Amino acid sequence: MNVDRDWQLFVDGEFVPGSTLRPVVDPATGEICAEAPDGTEADIKDAVCAARDSLSEWRSRSPRERGSVLFDVADVLADHADELAILETIENGKPLSQSEQDVSGAVKYTRFYGGAADKFYGEAVRDSVEAASRTVREPYGVVGVVIPWNWPPLHTMQFASAALATGNTVVLKPSPETPLSSLRIAELVGELLPDGVFNVVPGGVESGQALVSHEGVDKLAFTGNDETGERVLASAAKNITPAMLELGGKNAEIVFPDADLEDAVAGAVRNAFYNSGQACSDTERLLLHVDVYDEFLEAFAPKVESLTVDAGRKDPDVGPLTSEAQQKKVQSYVDTGERNGIRVVASATTPDDPDLDGGYWVPPTVFEGVDPDHQLANEEIFGPVVSVIPFESEREAIEIANGVDFGLTAAVWTTDLERAHRLVAELEVGAVSVNGRMAGGHALPFGGYKRSGIGRKSDFEETMREFTRVKSVHMAFGRSDLSL
Ligand code: NAD
């Protein structure tokens with residue numbers, strides 16, 4: 001696929017050239033593959049203005065009509081799924097089959113929220129026989145969506161479709177590393193939506209800051225790391241703009257001696273290295289009970305060493321890191337671990353293809369015997385690096401798991417039902433999985449405790465609430481309630 005072509009911002013139903021361009025790099029080679037518009041503050045202002053102007057028309061459509069538009073959007077995306085997956089692999093580096101899952105997730109979410117549009121409403125409240133009281137769910141207005149680079153098509157449609165289904169209009173700012181998937185989605189589906197209802201302005205900190213501090217934005221949906229989340233919340237506070245924050249994690253996977261070890265090993269490999277370790281829900285801390293510590297690692301280490309690491313288009317197990325900055329950051333954690341004498345128990349092999357020499361490679365790496373207080377076991381690395389931590393008791397495992405600033409996900413492996421319930425109750429995270437892959441999908445809300453964020457996405461109830469605000473209506477029949 002030739003991606004080296006003219007890419008433009010999508011504002012008010014029009015494609016407009018950016019005043020400046022920013023290179024997009026193929027992380028497998030380190031070479032520039034395209035140039036994309038780099039949105040400015042003025043571009044964001046135009047987009048917010050367009051989103052405001054289109055609001056009244058879009059929100060006055062019936063929920064069923066909005067849902068029907070989203071079904072059409074989903075159909076077009078499904079028809080172009082292969083192309084979108086290849087595009088994502090080019091700009092993000094991820095293994096092709098994982099890009100395909102990402103795009104199919106984008107289609108499913110679009111259909112899901114299309115279907116949800118006419119099934120979410122207020123409630124009748126019986127507080128008096130002389131009045132009809134009810135609640136109404138209304139859209140916020142303009143939703144500013146800021147997304148990172150790790151799931152571009154999925155994040156684009158997960159947030160946009162929920163916001164649009166509930167009658168909001170959207171200004172989406174993709175990450176400067178991966179702007180192409182979101183821009184291509186706008187090219188494919190833009191004409192299905194009324195002008196101004198969906199706007200895409202990629203860019204870096206300048207455009208992000210302009211969006212989150214704009215007075216014309218009524219609700220923010222931000223996904224990124226916790227430090228940026230802090231800045232976003234501070235900007236939102238100035239305008240009292242409600243913000244949902246989907247932030248980072250330092251997720252623990254806990255294996256007890258009564259676990260099915262074969263499943264636990266396979267689960268840990270999957271949970272740690274999915275999306276090349278660049279998923280917010282990926283495991284970064286592997287807590288092993290001392291009684292199964294050696295046995296687990298004997299099975300786990302060879303599986304990690306045999307992971308294929310290669311360019312995403314060859315569909316390996318693990319691709320490159322998405323950017324040079326990310327590669328340097330993740331490599332610096334590996335260097336710190338080695339410098340501090342922490343034992344590497346497994347390390348996979350990076351590709352020896354000379355065409356990929358400039359790619360952003362960090363091999364899947366497992367450190368063992370890591371002190372829970374060490375930097376490796378506390379800071380979000382966001383790459384294919386796992387710290388193995390031994391524990392002796394259930395209480396100790398819970399304390400280690402909860403002893404970090406984050407609280408996004410946790411995984412528990414045990415066949416003891418009572419223990420499983422205790423862990424679910426005690427782990428300070430937004431999602432726990434027991435004996436399986438990380439919790440997710442349409443059925444369950446996703447979001448974090450502590451520095452992992454505020455708000456929930458991806459399900460029906462919580463997400464529809466997230467993108468609407470409630471109005472209370474009291475309609476009196478009689479005059480009895482007029483007395484002082
Ligand atoms: P980041 O915070 O650096 O950037 C995220 C987005 O914010 C980008 O679009 C960026 O351009 C923009 N941005 C940067 N500074 C800004 C500012 N001052 N104001 C407004 N926008 C600004 O994060 P990243 O490194 O791109 O993404 C990785 C992080 O995202 C990890 O911490 C990961 O855990 C997290 N993440 C969380 C979830 C979740 O659902 N909880 C999902 C995916 C990724």
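Atoms within each ligand, like the ligands themselves, are counted from 1 in listed order. The structure presented is a predicted model; accordingly, all values stated were derived computationally and were not measured. Side-chain atoms are counted along with the backbone in the values below, which use heavy atoms only and exclude waters and symmetry mates.
- Closest of all the heavy-atom pairs between Ser207 and Thr40 is CB-O, 4.4 Å.
- Distances shorter than 4.0 angstrom do not occur between any heavy atom of Ser213 and any atom of ligand 1.
- Across the listed options Asp226, Ile147, Asn150, Asn150 owns the non-hydrogen atom lying nearest to atom 43 (C) of ligand 1.
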Would you sort out whether Asn251 and Thr409 count as a side-chain hydrogen bond (donor to acceptor under 3.5 Å, both in side chains), showing the intermediate values?
CA-CA 5 Å; Asn251 310 312; Thr409 68; 3.3 Å; yes
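- Here the heavy atom of the protein found nearest to atom 28 (C) of ligand 1 is Phe382 CE2, 3.6 Å.
- Under a 4.0 Å heavy-atom criterion, Pro176 is in contact with ligand 1.
- Within the listing of ligand 1, atoms 40 (O) sit less than 4.0 angstrom from a heavy atom of Phe446.
- For Leu427 against Ala401, the heavy-atom pair with the smallest separation is CD2-CB, 3.7 Å.
- Looking only at heavy atoms of the protein, atom 20 (C) of ligand 1 is closest to Gly208 C, 3.2 Å.
- No donor-acceptor pair under 3.5 Å is formed between the side chain of Lys94 and the backbone N or O of Gln278.
- For atom 24 (P) of ligand 1, the nearest protein heavy atom (residue, atom name, distance) is Trp149 NE1, 3.6 Å.
- Pro148 CB, 3.3 Å is the protein heavy atom nearest to atom 27 (O) of ligand 1.
- A salt bridge does not link Glu466 with Lys457: none of the charged nitrogens is closer than 4.0 Å to a carboxylate oxygen.
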Quick one: side chains of residues 356-366, donor-acceptor pairs under 3.5 Å with protein atoms, not counting sequence neighbours, listed by atom name and distance.
residue: Trp361; atom: NE1; partner: Leu356; partner atom: O; Å: 2.8
residue: Thr365; atom: OG1; partner: Pro363; partner atom: O; Å: 2.6

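- A centroid separation of less than 6.0 Å is found between the aromatic rings of Phe382 and Trp149.
- Near Gly203, the atoms of ligand 1 lying under 4.0 angstrom from a non-hydrogen atom of the residue are 11 (O).
- The single protein non-hydrogen atom nearest to atom 42 (C) of ligand 1 is Cys280 SG, 3.1 Å, given as residue, atom name and distance.
- The nearest pair of heavy atoms linking Ala377 to Ser387 is N-OG, 4.3 Å.
- Note on ligand 1: His155 sits in its first shell, one or more heavy atoms being nearer than 4.0 Å.
- With distances taken over non-hydrogen atoms, the option nearest atom 5 (C) of ligand 1 out of Thr223, Leu408, Thr228, Val146 is Thr223.
- At most 12 non-hydrogen atoms from other residues, nucleotides or ligands lie less than 6.0 angstrom from NZ of Lys328.
- Atoms of ligand 1 found under 4.0 Å from any heavy atom of Ser175 (numbered from 1 in listed order, with element): 9 (O).
- Among Pro202, Ser323, Gly224, the residue whose heavy atom lies closest to atom 29 (C) of ligand 1 is Gly224.
- By the 4.0 Å heavy-atom criterion, Lys457 is counted among the residues contacting ligand 1.
- For Leu211, no heavy-atom contact with ligand 1 is shorter than 4.0 Å.
- Of the listed residues (Gln158, Glu380, Lys173), the one carrying the non-hydrogen atom nearest atom 34 (O) of ligand 1 is Glu380.
- Looking at Trp151, Phe406, Phe222, it is Phe222 that brings a heavy atom closest to atom 7 (O) of ligand 1.
- No more than 12 heavy atoms of other residues, nucleotides or ligands sit less than 6.0 Å from atom NZ of Lys45.
- Exactly one of Gln375, Glu379, Glu380 qualifies for a side chain to side chain donor-acceptor pair (under 3.5 Å) with Tyr333. That residue is Glu379.
- Nearest to atom 18 (N) of ligand 1 among the protein's heavy atoms is Gln209 OE1, 3.0 Å.
- The heavy-atom pair separating Gly319 from Val309 by the smallest distance is O-CG1, 4.5 Å.
- By the neighbour-count criterion of 12 heavy atoms within 6.0 Å, atom CD of Glu462 is densely surrounded, having more than that number from other residues, nucleotides or ligands.
- Under 4.0 angstrom from ligand 1, the non-hydrogen atoms of Leu247 all belong to its backbone.
- Selection from Asn225, Leu245, Thr409 by nearest heavy atom to atom 3 (O) of ligand 1 gives Asn225.
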